[in-house]
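Following: one structure in structure tokens, then a few remarks.
Hydrogens, waters and symmetry mates are skipped; everything else that's a heavy atom, side chains included, is used. Residue numbers start from 1 in every chain, and the chains themselves are labelled A, B, ... in the order their sequence lines are given, proteins ahead of strands.
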Amino acid sequence: MFYQEVGWFKGSLHQLVKKLETRSYIMKSNPLSQSWRACPAYGAIDVLSQISDCAIIMHSPRGCAHYNVCFNMRVMYGSSRSKNSKFPLIACSEISEDDIIFGGINKLKKIIIKVMELYKPKLLAIVSTCVPELIGEEISDVIFPLKKNKIIILRCSGFSSRTHVDGILEAYKKLIDLIPEQDTSESPYVNIIGEKSTEPGGEADFKEISTLLNQLGIKILVRFVRSLTLDSLLELPKARLNIPRCLEVAYEPCVLMEKRFKIPFIDQSFPLGIDETSRWLHLVAEYFGKENKALKAIRENERKYRAKCRSLEKYLRGKSIAISAGGGKALTLVKFAHNIGMNVVYVGIYTSLRGRVLQEFISISRKINPEIIIEPSFYEEEEVLQELKPDIFISNPSHAFIALRSGIAYDAVHQAPQVGYAGTLNLLKRWVSAIKHPVYDLLGLKRMNRNVH
Amino acid sequence: MSINPLMSDALFGAVCAAIGIKETTTLIHGPVGCRYFIHSNIDAQEMLGYPRFILPCTSVMETDILFGGNIKLEKALTKLVKIYPSKFVIVLMSSSCSIIGDDINSVVVSFEKKYKIPTLGVDVPGFGGDVNSGFTRVVTSLLSKFAKTSSQKIEKSVNIIGSMVGIFNWKNDLKEIKRLFKNMGIKVVSTICADCTLEEIINSPKAEINVVLNEEFGLEIARFMEKEYGIPYVGYNCFLPYGFTSTYEWFTSIGRELGINVEMVLKREEKRIKAKIFPFIASFGQIHLLRNFPIAIFGNTSQSTGLARFLSLELGMEPVLFGLKITNKHSNKLIDTLKKETEINPIIIKKPDMNDVRNSLVATNPKIIFGSTFERIIGKSIGIHGFVPFSYPVFDKVFITDKPYVAYKGILTLLEEIINIRYDLPYYLPYKDESS
């Protein structure tokens with residue numbers, strides 16, 4: 001069975017699966033939503049901002065562009081940007097009240113001309129948001145005289161979708177459409193698919209993965225889409241294998257590229273956990289006939305990391321954990337926690353649960369049955385945490401307050417590296433440290449679980 | 001139209017006004033993106049966190065656009081009272097629902113009747129104007145609905161208007177001004193929509209005068225209150241209280257209006273602060289190191305001109321660039337006065353976007369930027385490393401201690417920041433080559 005998407009839901013994982021199996025699940029949205037999900041425009045810009053010679057024009061009120069600029073600015077200070085990445089160009093037509101009545105196309109034309117003259121971008125991406133979509137602006141008419149340039153239009157009204165993931169996927173599809181087909185047969189390269197530009201620690205994760213691939217003698221050709229130019233993006237079909245960063249956003253483009261460019265892909269997110277990483281290395285090596293190199297790399301890495309990880313796993317075994325993250329990340333963490341013997345009591349999914357990730361959750365429901373909230377709001381998560389009293393809560397930093405208020409040890413979901421061997425060790429260290437040295441002691445808050453030490 | 005816009009729109013100002021009222025729950029009637037962005041932007045600067053800052057939204061979807069979002073809004077409000085017991089509820093309608101014409105007022109009225117909770121609904125789409133227009137729209141709607149007209153005035157009392165959540169360091173600034181008012185025997189009835197209660201807003205017409213703190217955010221509201229409640233207003237069309245001179249002028253003008261002699265308090269404060277800073281500006285000729293130091297200031301006009309006056313008139317620094325993110329009716333006059341007083345001749349850019357900021361910084365090459373994280377990033381990219389956080393948005397510096405920028409304590413904060421930055425630029429000599 002294949003389910004497309006699950007929106008707002010509260011219950012156990014088994015209850016969700018049963019609802020899906022009996023086709024009694026009805027798609028809903030929380031009328032009092034505080035879930036940590038953005039609109040498709042954000043998703044689209046998350047992708048497009050990574051192409052250094054792409055100019056993004058938002059056809060929107062000023063605020064929409066401003067917030068996206070702010071977001072990019074904030075991640076400049078995090079570890080999610082590569083050191084040499086430029087600040088993205090996000091122009092805005094600044095739709096005002098008059099434009100609602102008379103149309104904002106002229107403003108859009110003007111800003112397109114200004115951007116073209118000032119920056120001469122190789123790619124122009126026009127992101128249409130709620131307001132122009134509602135008043136029915138004909139954007140394709142504006143770009144008709146500019147047909148010789150590479151232009152893409154993305155329709156990203158906030159009300160048309162549940163999450164920013166749709167915007168990410170829309171941008172991926174438009175970019176894939178731009179790429180001409182090429183021969184891939186004997187190339188020694190792989191592409192990395194689906195790194196999110198605003199994900200803190202993205203660069204550290206990438207570094208760990210590229211180190212592992214280096215050990216196999218495999219090179220990375222294109223990071224789709226991160227820190228690149230349009231020309232390098234067009235090289236993408238020359239790779240022999242696509243490796244997804246996160247299945248949530250990478251699965252669909254990988255399927256599309258398999259059809260279009262005949263590039264196979266690994267049906268798995270970046271690995272976490274010693275055994276999982278070893279399996280992943282072996283899987284990648286098989287595509288290139290480098291199994292011997294993989295065995296050597298696995299042996300060396302396991303010798304270096306396994307003992308250290310085991311001692312930390314021992315401490316965590318039997319402890320209860322609550323995880324709240326985007327679908328793909330949550331899936332990886334849930335699998336990892338379960339594999340090291342932790343008791344997963346709660347899973348929150350910020351975005352809707354869909355496609356490949358949803359299938360994986362259905363599969364894992366044979367082994368575990370945590371409480372699950374899809375598109376959780378603060379109050380829903382606080383309630384469930386106070387009821388379940390986990391030993392540790394892993395979530396987006398904005399939800400840290402909930403854990404600390406409830407006297408539950410906390411760690412942020414994105415603490416890179418958290419892929420591969422080094423990432424596994426890093427994550428285990430952090431989780432152990434979070435339980436042993438919880439901040440709520442500093443704040444004088446009451447510990448929820450007294451028996452954790 | 002702009003490239004990488006530095007300021008937000010009306011909905012942002014409206015949310016800032018709403019969350020400035022204590023024990024109030026703000027609900028956005030719109031798609032999830034509006035909530036997500038505003039919440040994360042405000043929280044990244046203000047560090048309020050859950051549950052001090054909750055900003056739920058009705059999560060409007062395509063079906064709501066087709067059939068209207070009123071039913072969803074009703075459900076949201078019913079749920080809201082159960083989950084977040086509030087003394088006051090504000091519903092802000094964003095662009096999408098505004099265009100389809102959802103009738104929030106009818107929902108709000110029936111909700112108020114049923115639950116007996118004072119509630120305000122404001123149609124404030126992002127396309128409706130600048131940040132200050134959104135702020136003003138919420139405050140005037142609030143006053144129109146709830147404020148009680150009163151002929152009985154509280155003697156020697158004021159409302160402070162124009163401080164807003166989101167203005168960098170607003171809380172510390174307000175605290176310093178309230179401290180000085182208290183020392184002067186001036187009662188603050190309400191700091192409208194900046195850390196006040198609904199009761200204070202209801203009682204705000206009892207104030208003798210209104211004090212406008214930031215003209216961009218406060219003047220329209222002060223005019224509205226003069227028209228509706230006959231309250232005169234002061235504090236606008238002059239330099240904000242940064243540094244000794246402006247602080248003295250600003251407070252004495254308020255004292256004059258209230259018929260209070262505030263001179264003694266001001267002199268006492270001045271003496272105390274001067275004694276404290278003296279060794280720091282005298283030792284090793286610190287003040288000499290600041291002279292002719294080229295600086296750029298980015299912020300609202302009233303804040304920027306006030307700060308520039310202190311830095312140039314009293315410290316001898318040289319503002320070479322003004323980036324006025326929000327202007328007011330008296331911008332030109334204030335700048336002209338400043339130019340005459342201090343003989344500075346800065347480049348002035350109004351409502352700049354990132355492109356303008358970059359070009360003007362390259363052209364003027366200041367050594368310290370007073371501005372937001374935006375200007376800091378651009379400055380760094382062209383080798384300008386001196387930075388003092390001054391205007392929204394600041395995502396890379398926090399003040400945990402009470403460090404206002406305005407009035408007397410503000411002088412200490414600013415001097416401390418500037419002198420420390422000056423130490424980071426030891427090889428820069430601000431002497432001009434007069435021969436060239």
Neighbour count >12 (heavy atoms, 6.0 Å) for atom [atom1], [X]:
X       : atom1 : value
A:Ile26 : CD1   : no
A:Lys10 : NZ    : yes
B:Lys22 : NZ    : yes

Roughly how far, to the nearest 0.5 Å, is [atom2] of [Y] from [atom1] of [X]?
X        : Y        : atom1 : atom2 : value
A:Met58  : B:Asn4   : CE    : CG    : 11.5 Å
B:Met1   : A:Ser96  : CE    : OG    : 12.5 Å
B:Asn41  : A:Phe71  : CG    : CZ    : 8.5 Å
A:Ile111 : B:Ser2   : CD1   : OG    : 6.5 Å
A:Lys114 : B:Asn355 : NZ    : CG    : 6.5 Å
A:Gln34  : B:Leu55  : CD    : CG    : 8.0 Å

Hey, does [Y] have a side-chain heavy atom less than 4.5 Å from the side chain of [X]?
X        : Y        : result
B:Ser96  : A:Leu134 : yes
A:Phe378 : B:Phe53  : no
B:Ser59  : A:Asn30  : no
A:Leu118 : B:Ile3   : yes
A:Val131 : B:Phe127 : yes
A:Val69  : B:Pro5   : yes
B:Pro125 : A:Pro61  : no
B:Ser95  : A:Cys130 : no

Contacting moiety of [X], where chain B heavy atoms sit under 4.5 Å:
X        : result
A:Ser93  : backbone
A:Ser161 : backbone
A:Lys107 : backbone
A:Glu375 : neither

Can you tell me which of [options] forms the most heavy-atom pairs within a distance under 4.5 Å of chain B?
options                                : answer
A:Glu383, A:His164, A:His399, A:Glu382 : A:Glu382
A:Tyr42, A:Trp36, A:Trp8               : A:Trp36
A:Gly158, A:Ala91, A:Ser157, A:Cys92   : A:Cys92

Side chain, backbone, both or neither: which part of [X] has a non-hydrogen atom closer than 4.5 Å to chain A?
X        : answer
B:Phe374 : both
B:Leu66  : neither
B:Ile100 : side chain

B:Tyr115: ring pair (Phe, Tyr, Trp, His ring centres under 6.0 Å) partners, not counting sequence neighbours: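 With sequence neighbours excluded, B:Tyr115 shows a ring pair (Phe, Tyr, Trp, His ring centres under 6.0 Å) to B:Phe111, given in chain and number order.
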So which pairs with a foot in residues 60-73 of chain B pass salt bridge (Lys or Arg N to Asp or Glu O under 4.0 Å), sequence neighbours left out?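 Those involving residues 60-73 of chain B are B:Asp64-B:Lys72.
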For residues 123-136 of chain A, pull every pair meeting salt bridge (Lys or Arg N to Asp or Glu O under 4.0 Å), keeping only residues two or more places apart or in separate chains.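 Sorted result for residues 123-136 of chain A: A:Glu133-A:Arg155.
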When you check the side-chain N and O atoms of B:Lys82 and A:Tyr379, is any donor under 3.5 Å from an acceptor?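 B:Lys82 vs A:Tyr379: no donor-acceptor pair found between side chains.
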Which heavy-atom pair separates B:Asp9 from A:Gly63 by the least distance, and what is that distance?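 Shortest heavy-atom contact: OD2-N, 2.9 Å.
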Do you know which of B:Met354, B:Glu74, B:Lys79 has the most heavy-atom pairs with chain A at a distance under 4.5 angstrom?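 Counting heavy-atom pairs under 4.5 Å, the top option is B:Lys79.
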Taking every non-hydrogen pair under 4.5 Å, which of B:Asp130, B:Asp353, B:Ile99 racks up the most with chain A?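 Looking at each option in turn, the highest pair count goes to B:Ile99.
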If the contact rule is any heavy atom under 4.5 Å from chain A, which residues of residues 27-40 of chain B qualify, in numerical order?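 So far as heavy atoms go, B:Leu27, B:Pro31, B:Val32, B:Gly33, B:Arg35, B:Tyr36, B:Phe37, B:Ile38, B:His39, B:Ser40 are the residues that approach chain A to under 4.5 Å.
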